[in-house]
Amino acid sequence: MPQRHLAILLSGLALTSLAGCASLVPHDDTSVAPAEQSQQALERATDCCSTLAALPYQSLAVGESQSLTLDTQAPMHRFADGASYFQAFELPRTREPLTFKLTSTIANDQVFAPTVLVLDEDFQPTQRVASDKFDYLSPNGFAGARLGATFDITPGPDAAYLVVYSNDAARQGTTQYESAEKVYARVRGLALPPGPDPIAEHTATGNVTLESEARKTSGGLLTPILGTRSHADSVTADTGTDASRSEHAAPSSGDSNNASAPDFDYRRMIDAALKADDIELAMQLAERAEREGNSGTRAWLAERLRSVSP
Amino acid sequence: MRDSRQFTRRPLLAALIGASCVMPALAHADINPNFFGYARSGIGSTAGGGSQTCFKAAGAPAKYRLGNECETYAELGLGANLFDQQGTSFDFASRVAYVTSQANDDESLKDDGNNIALREMYVTGTNAVSGLPEGSTLWAGKRFYKRHDIHMNDYYYWDLSGPGVGISDIDMGIGNLSLAWVRSSGSDSDNLPDENQRLSDDTIDVRLTDIPTNPGGSLQLGVDYGRASLSDWQKDYYDDTGVDYDEGDKGWMGTIEHTQSNWFGGSNTVALQYATDGIITSNGNAVGRGSGSLEQEGDMWRVLDHGQVWLVPDKLDMLYTAIYEDKNMDDNSGRKWFSAGVRPTYYWNDIMSTAVELGYDHIEPQSNVTGYDGGDHHVTKLTLAQQWSAGRGAMVRPTIRLFATYAKWNGDAYQDRDAEGYRQAHALDAGAGPNNVDFNDTDGLTFGAQMEVWWGS
């Protein structure tokens, strides 16, 4: 066996060893501040803004996964339901229905329990995904334990801005979770690691990822009728900033996410809407029809409106 | 509230949409299947020519696996929660395992070396037995039963898998008690006139787990008793033919294991095992159930330690293991086995890492071993692998890795071919995959690529 092969392998080992010359120290994700420390920092932090209108809004990158900085360097605001670090976004003005997926990962027995607030164009809260609407998702070989929710928003006058934050009530809670080792053991039929499942504190800071994409499936058909809604029924109407009034979601009357309506007869639907004197809906349907390739529907509706007008 | 309010304002539309969308939703069965599994596959070559050789010390029950697996192996599992009311739940799980020699595209699972096997088919009933503490689980069917393994060398040191019945995780206050009856039938084609008359090897497993000992640490104790369950006519037959099955078909094994979590960011497990006679597995790595032998007498000690630590948080972790096993058989067919290995992995970023695995196996046979080098022999293996994974951590998958493995051993690799033309083990096991180093080589180099994945929740 040529000795140079061994030399290459040993060089690799040496390089790797050099990279890791360090004493044994407990594993600690340095990007996550201890819970108490981040809570104290939050209490000391200065409110960035006097009103919701003054929050620093970033434009939303649709179709991308954004890692939200929710550490002690993030802006802080005293919301109606408590102070919190936050990230705020201006929704695109395309009025294209969007699906959002918000994930908050559990690290070092800590997790940021998010609340999502949707504001209208006058910066008034209109909808909310409360922190208890986020489901616990166990590790699965591709991702660690995390909290997650998926919800739909159609940007418009009632949904112009989105804020991700946490509140006092959420930070009183905890989430019990399974370690990746435990799930691996269950999947492989191994003896489960001993001991109780760890408990994550809900903390003032954390690692949150926001993904958004345009809803392109025909299931989006229901969106103009249903308004914004959550896949998990988690977007609820919010007439004020009091969280306690918006904890209960309406049961869904149909799963728009999975609905499919091939060759849907838009013109018949629009006729029905006109008969019900719902011109707003008729227009929304026409827009939707145009987007799905039924060109001429808008002009056809205009013609219909002219013919029914006095 | 917004949703329902809008619907009531538009009854006609609600009806229209309802007609088009609600029916499919109702067609969904109220079962959420759980798809889970594990798989590995790849390609490799041996320097000098030929497909990938896998280096395993002859007589050792395991080999260090990084860059040293020559087969495609997969487990596909399907399960479902079937009932969950008032604290009682019933769950079903099944698993089929596949193995092929990874030789070409269309590999029949009936060919030599390939296999498809039904590994699990069982139901658990959690809190199904009233009067028992919360969490007690009744189960029946064939399953992987609380297997204890070392990932680095794919070594299972306590494995009662098979068809069975049991009740597990009864909270006794000091720990959780689990009781099981499992079967591992053998056959005695040499002696029994009818090969279909199997030897039913039954094992009773009693274990007390999750006994808290120190912060983050817990102990578990286990006893397995196994024996061949012979029918009267089988006993008569062996009595007539002079086969002494009084001791050799029975055996017991005791296990004491301590697991420490919060151990440098990972965990450490140390185990001590003692086993006697018929429960010792002479080859392979499953131990703790009846072996199917009628005349196997002797005893075995084993001590092992394994775990994972983070040497530099989020940058460098390491798997490690050390095993010492002494099988002292009355017919001198046993051996001592010492094994040690480390696998440090450096994470360049969330996706790419470099892993190095250094493993050593030493075999010291008793005087009467057959089929491989009767003298002391050892294999040292070093693998360098560049990996792309879905995150950081020794058990994070999927992983795609490129590897190169250098192995060195003492003495000839193989013995001359047997009557059927197959190479025989000498320092190296001849059954661990293609054997593409020469008979008298004392080292070898292989390289290739492999993927490894597990999924499920």
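Reminder, nothing fancy here: chain letters follow the sequence lines and each chain counts from 1. Since the structure is predicted, the reported quantities are computational estimates derived from the model, not experimental observations.
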Quick one: what part of B/Val437 sits under 4.5 Å from any heavy atom of chain A, side chain, backbone, both or neither? neither

Inter-residue atom distance A/Leu192.CG - B/Asp169.CG, 0.5 Å rounding: 7.5 Å

Show the nearest heavy-atom pair for residues B/Ser457 and A/Pro139, with the distance to one decimal. CB-O, 3.9 Å

NZ or CZ of A/Arg188 within 45° of B/Phe144 ring axis and under 6.0 Å: no

Can you tell me if B/Met451 has over 12 outside heavy atoms packed within less than 6.0 Å of its CE? yes

CH2 (B/Trp263) with more than 12 external heavy atoms under 6.0 Å: no

Engaged part of B/Thr209 at the chain A interface, taking heavy atoms whose separation is under 4.5 Å: neither

Greatest number of heavy atom pairs closer than 4.5 Å to chain A - which of B/Asn34, B/Asp210, B/Asn176, B/Ile211: B/Asp210

Crowding at CD, B/Glu257 (>12 non-hydrogen neighbours, <6.0 Å): yes

Proximity breakdown for B/His151 and chain A, heavy-atom pairs closer than 4.5 Å: side chain

Atom CG of B/Asn262 with >12 non-hydrogen neighbours under 6.0 angstrom: no

Taking only residues two or more places apart in sequence or in another chain, which ones pass salt bridge (charged side-chain N to carboxylate O under 4.0 Å, His left out) with B/Lys408? none

So, B/Arg95 side chain and A/Val187 main chain: donor-acceptor pair closer than 3.5 Å or not? yes

